[in-house]
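Worksheet: the structure to be examined is printed underneath.
What you are looking at is a predicted structure, and each value in this text was computed from that prediction instead of being measured. Every heavy atom of this structure was used, including side-chain atoms; hydrogens, water molecules and symmetry mates were not.
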Amino acid sequence: QCHLSQAGPACRVAQSLAQYCVGANYAWALAEGLFLCHLLRATPGQHRLPAFLLLGWGVPVLFVVPWVVLRYLYENEGCWERNEKVAVWWLIRCPILVAVAVNFVVFVRIVRILVAKVRAHQVSRGDTRLRLARSTLTLIPLLGVHEVIFALAGEGEGGGGLRLAR
């Protein structure tokens, strides 16, 4: 039986890969939001697919690799599942919180564009509200807008109501 203090490199690689996947999840949500905003603004002739690919797959490397280095140098215990040094943990959390905040702004912009487009089509008032509500409700989980509520929940110890809801 392996003791936590004797966790092997494979366990740490798995933890690093898990952190990369979490970061990529948020980066891709942001890329999707920016892509949708780009499509709705209908700016012809601009192909930004490589930029969106770089954002989704590349940006998480920029904060996971330094996190791995700092974990190895200053907190190389167990399987890296505990976060004793808060500053090292915030190296992972800050980019995620920034992605959540930027995606919320993108969400608001998209809703404003949708409102303008729906109003421009001059459909009946009830149908307009229903279409807008459906579009907005679809965007909330797609862009991770619900994460704004839970952005800081789960930090630290304890079982507060917001953390349990998350």
TODO: Flag the pair Arg48 / Leu34 as yes when at least one side-chain heavy-atom distance between them is below 4.5 Å, and no otherwise.
DONE: no
Open item on the list: Closer than 3.5 angstrom, by distance alone: can the side chain of Glu75 be matched with the main-chain N or O of Leu70 as a donor-acceptor pair?
Closed with: no
Task: Spacing of CD belonging to Glu77 relative to CD belonging to Glu84, to within rounding of 0.5 Å - done: 7.5 Å
Task: Co-membership, hydrophobic cluster, residues Trp89 and Val65, 4.5 Å side-chain - done: yes
- [ ] Measure the CZ-CZ distance between Arg93 and Phe63 for me, rounded to the nearest 0.5 Å.
- [x] 10.5 Å
- [ ] Check whether any side-chain heavy atom of Arg71 sits under 4.5 Å from a side-chain heavy atom of Asn83, and report yes or no.
- [x] yes
Task: Atom of Gly56, atom of Ala27 and distance for their closest heavy-atom approach - done: O-CB, 3.8 Å
Task: Heavy-atom check, side chain of Val59 versus side chain of Leu54, under 4.5 Å - done: no
Task: Reported CZ-to-CG distance for the pair Arg109 and Asn103, which is rounded to 0.5 angstrom - done: 12.0 Å
Task: Joint cluster assignment, Tyr72 & Val61, ILVMFWY side-chain distance < 4.5 Å - done: yes
TODO: For the pair Trp57 and Tyr20, evaluate side chain to side chain contact (heavy atoms under 4.5 Å, CB included) and give the outcome as yes or no after the intermediate values.
DONE: CA-CA 9 Å; Trp57 293 120; Tyr20 173 80; 3.4 Å; yes
Open item on the list: Would a single hydrophobic cluster contain both Val105 and Trp28, if residues Ile, Leu, Val, Met, Phe, Trp and Tyr are joined by side-chain heavy-atom contacts under 4.5 Å?
Closed with: no
- [ ] With rounding to the nearest 0.5 Å, note down the distance linking CG in Leu40 to CG in Leu36.
- [x] 4.5 Å
- [ ] Indicate the ring-plane relationship of Trp67 and Trp80, choosing parallel, tilted or perpendicular according to the 30° and 60° boundaries.
- [x] perpendicular
Open item on the list: Using 0.5 Å steps for rounding, measure from the CG atom of Leu55 to the CG atom of Leu30.
Closed with: 5.0 Å
Open item on the list: I want to check something: taking the side chain as every heavy atom from C-beta on, are Leu91 and Pro66 in contact at a cut-off of under 4.5 Å?
Closed with: yes
TODO: Using a 4.5 Å cut-off on heavy atoms from C-beta on, say whether the side chain of Phe35 contacts that of Leu39.
DONE: yes
TODO: Report whether Leu53 and Leu62 are members of the same hydrophobic cluster (ILVMFWY, side-chain heavy atoms less than 4.5 Å apart, transitive linking).
DONE: no
Task: Hydrophobic cluster identity match, Ile113 and Val102, side-chain contacts under 4.5 Å - done: yes
